[in-house]
Amino acid sequence: MPLPLRYLALAFLLSSLPGCSPPSPYDVVLAGGRVMDPATGLDALRNIGIAGGKIVAISEEPLAGKEIVDVSGHVVAPGFIDLHAHGQTTGDLQIKARDGVTTALDLEAGVYPVAEWYREMEGTAPIHYGATVGHIAARFEAFHPGMEVGHWAINRAKIARLGARPAGANQTAGEEELRAIGEAIREGLDEGALGIGFGINYTPAATPSEIESIFRIAAERKVPAFVHTREFGMAAIAETIALARSTGTALHIVHVGSSAIGDMPEVLQLIDESQAAGMDITTEVYPYTAASTALESAMFNLGWQDNLKIDYGDLAWAATGERLTEESFERYRKQGGWVIIYMMKDENVERAIARPGVMIASDGVPFIDGKGHPRGAGTFARVLGHYSREKKLLSLMDALAKMTILPARRLEGHVPMMKDKGRIALGADADITVFDPATVRDAATFDAPTAPSEGIPHVLVNGEFVVRDGGLVQAARPGQPVKTSP
Ligand SMILES: [Zn+2]
């Protein structure tokens with residue numbers, strides 16, 4: 001019997017003995033909230049009892065607890081699961097906690113070496129963390145042995161030291177490099193990585209046959225490929241889907257807002273049709289019309305304007321907000337740093353947010369001196385407040401499904417511990433977000449990108465408060481690793 005259920009049995013036994021008053025079986029009780037659980041459709045007033053980091057009671061009756069928190073007037077939802085979170089520093093994860101996120105995973109860029117990254121993260125995280133093994137980082141290791149990129153999005157400086165056109169991104173792999181990349185990927189999967197992450201646009205020299213060989217590893221190991229496609233638009237997405245189909249690989253296309261760019265209706269239709277035809281294929285979107293990435297990356301190699309369908313003036317230097325010119329583009333590209341890319345139309349982003357099955361994921365990049373893209377701070381509250389409540393693009397329950405049970409299900413086939421997340425259920429992990437449906441809203445903007453979301457008073461991770469009464473619990477570090485095997 002799992003430990004928490006034993007608490008319940010004990011409480012029952014004690015309460016049935018005459019003259020013996022029961023001890024409080026619960027560490028924390030969330031009392032009087034509107035519990036919304038997209039997995040079961042439950043939407044009703046309930047009291048939640050938490051013990052040993054698990055949800056052990058969901059009751060219409062009042063519950064006694066060591067600590068009782070009145071959450072009446074608020075929604076009690078499963079903590080949000082972000083499948084696309086590059087910002088994995090303590091500070092970045094704290095900002096995400098304020099947005100209701102209790103699990104933040106970097107499945108696109110990923111990491112290499114894997115075991116070492118998980119070790120470094122131990123004890124640093126207020127919320128749960130995890131990553132794929134990254135094809136980008138594995139590729140750099142093959143061309144620059146001993147480099148150990150680690151977390152690509154955070155350790156970009158290591159790559160920048162290699163100069164303007166590093167081999168890891170710009171050189172075709174020979175037999176030896178291909179073997180080394182494959183070995184690194186397998187090693188990462190052996191160490192518990194959550195699948196294989198690809199940023200093909202950042203490694204333009206990776207040929208279709210190289211990508212195919214890595215997809216075959218994903219298929220053989222029964223883990224998904226999380227893919228930022230070779231280019232933006234329908235052609236590259238169709239090519240990736242065809243490759244996944246022919247190799248039998250489960251596929252997740254990241255940030256469909258930017259990836260599909262002007263082809264959103266066709267891309268969403270192709271994904272739905274592929275699903276209906278039996279493919280294991282999913283996608284995600286962040287609720288902003290501007291993208292962001294590293295200006296020094298290979299995405300800005302010659303020809304970037306055709307790929308992104310924009311020009312210099314559509315780029316802004318994240319540190320200052322200034323729009324770029326050809327001159328400042330060249331200067332900042334040598335220096336290296338984050339740019340904001342104004343490239344999407346709101347109607348297309350809205351199509352993806354409203355589409356059943358499309359998950360919400362932030363693609364939040366690490367904040368540097370409080371600068372960056374607001375998606376790392378406001379994605380989830382923005383969907384709940386702006387797109388669900390104000391624009392009525394989707395119901396509150398549907399919005400919550402896209403940030404809880406759908407991402408949990410994307411992973412639980414090969415990551416068993418995800419079966420205990422994304423749900424308000426007996427025995428589930430007590431990862432819980434409490435928000436006010438009338439006021440929840442994003443506050444982060446391009447001028448103030450780290451401003452915390454509002455209307456989210458409490459966030460618990462494994463039953464421990466990380467956000468309490470609308471403020472961060474600074475010292476809380478209950479975050480645990482998410483891996484394929486514990
Ligand atoms: Zn990307």
Side-chain angles (χ1 to χ4, degrees), residues 83-88 105-112 114 117 131-144 147 149-156 158-160 162 165-173 181 184-185 188 193-208 210-215 217-218 223-233 236-237 239-240 243-244 249 251-261 283-284 286 291-301 303-304 307-308 336 338-339 341 343 361-366 373 375:
L83 296 187
H84 196 150
H86 298 303
Q88 296 269 335
L105 311 173
D106 186 344
L107 303 185
E108 179 207 43
V111 301
Y112 180 82
V114 171
W117 178 78
T132 52
V133 55
H135 171 252
I136 301 176
R139 201 173 198 280
F140 272 88
E141 188 65 25
F143 280 93
H144 314 274
M147 180 174 179
V149 169
H151 191 266
W152 178 79
I154 288 177
N155 298 337
R156 293 165 20 256
K158 286 191 182 179
I159 292 176
L162 299 171
R165 290 185 64 84
N170 299 288
Q171 200 169 304
T172 308
I181 296 168
I185 299 272
L194 300 171
I196 308 176
F198 294 82
I200 309 175
N201 213 170
Y202 296 97
T203 54
T207 61
E210 175 180 334
I211 301 302
E212 179 178 344
S213 71
I214 311 297
F215 268 40
I217 297 176
V223 297
F226 298 85
V227 181
H228 173 143
T229 51
R230 184 176 296 284
E231 288 175 351
F232 295 103
I237 290 178
E239 175 196 300
T240 307
L243 183 60
T249 305
L251 176 64
H252 181 84
I253 293 174
V254 299
H255 50 54
V256 74
S258 58
S259 290
I261 205 164
T283 191
E284 59 172 56
Y286 56 80
S292 180
T293 198
L295 185 59
E296 73 276 17
S297 71
M299 190 190 282
F300 289 102
N301 283 0
W304 62 271
N307 180 25
L308 298 166
W338 300 106
V339 279
I341 313 167
M343 62 183 285
S362 74
D363 195 8
V365 291
H373 192 301
R375 68 195 182 191

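We're numbering straight along the sequence, starting at 1.
A donor-acceptor distance shorter than 3.5 angstrom exists from the side chain of T283 to the backbone of I253, with no hydrogens or angles considered. Within the 3.5 Å criterion, the main-chain N or O of K158 finds no donor-acceptor partner in the side chain of N155. For N170 (side chain) and P204 (main-chain N/O), no donor-acceptor pair under 3.5 Å exists by modelled atom type. Side chain of Q171 to main chain of G168: no donor-acceptor pair is present (N/O by atom type, distance under 3.5 Å, no hydrogens or angles).
Rounding to the nearest 0.5 Å gives a distance of 5.0 Å between CG of L243 and CZ of F215. A distance of 13.5 Å separates CZ in R230 from OG in S259, rounded to the nearest 0.5 Å. With rounding to the nearest 0.5 Å, the separation of CG in L107 from OG1 in T132 is 5.5 Å.
A heavy-atom distance below 4.5 Å is found between the side chains of W152 and I159. At least one side-chain heavy atom of R165 sits less than 4.5 Å from a side-chain heavy atom of N301. Using a 4.5 Å heavy-atom cutoff, the side chains of V254 and F198 are not in contact. At least one side-chain heavy atom of I181 sits under 4.5 Å from a side-chain heavy atom of E210. R375 places a side-chain heavy atom less than 4.5 Å from the side chain of S292. Looking at T293 and I341, their side chains come closer than 4.5 Å, going by heavy atoms from C-beta outward. Under the 4.5 Å side-chain criterion, counting only non-hydrogen atoms from C-beta, W338 is not in contact with L295. Residues W304 and M299 fail the side-chain proximity criterion, which asks for heavy atoms closer than 4.5 Å.
Each of I211, T249, N201, I200 was compared with V227 under the side chain to side chain contact (heavy atoms under 4.5 Å, CB included) criterion, and only I200 meets it.
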(request) With side chain to side chain contact (heavy atoms under 4.5 Å, CB included) as the test, would you mind laying out the steps for M147 and L162 before giving the verdict? (result) CA-CA 10 Å; M147 180 174 179; L162 299 171; 3.6 Å; yes
(request) Quick one: do L251 and T240 satisfy side chain to side chain contact (heavy atoms under 4.5 Å, CB included)? Show the steps, please. (result) CA-CA 9 Å; L251 176 64; T240 307; 4.0 Å; yes
(request) Would you sort out whether I196 and I217 count as a side chain to side chain contact (heavy atoms under 4.5 Å, CB included), showing the intermediate values? (result) CA-CA 9 Å; I196 308 176; I217 297 176; 4.3 Å; yes
(request) Just do the side chain to side chain contact (heavy atoms under 4.5 Å, CB included) check on S258 and M343 with the steps written out, would you? (result) CA-CA 7 Å; S258 58; M343 62 183 285; 4.1 Å; yes
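Closest heavy-atom contact between A85 and S362: CA-OG, 4.4 Å. Closest heavy-atom contact between I154 and Q88: CD1-N, 3.7 Å. Looking at every heavy atom in both residues, F143 comes nearest to T172 through CZ-O, 3.7 Å. Closest approach of A167 to R139, counting heavy atoms only: O-NH1, 3.7 Å.
The aromatic rings of Y202 and H228 stand perpendicular to each other, their planes meeting at an angle above 60°, with 30° marking the opposite boundary. The aromatic rings of H252 and F226 sit tilted relative to each other, their planes meeting at an angle between 30° and 60°.
Between the side chains of E284 and H84, a donor-acceptor pair is found at a separation under 3.5 Å. Under 3.5 Å, the side chains of D363 and H86 contain a donor-acceptor pair of N or O atoms.
Ring centroid separation for the pair Y112 and F140 does not come in under the 6.0 Å cut-off.
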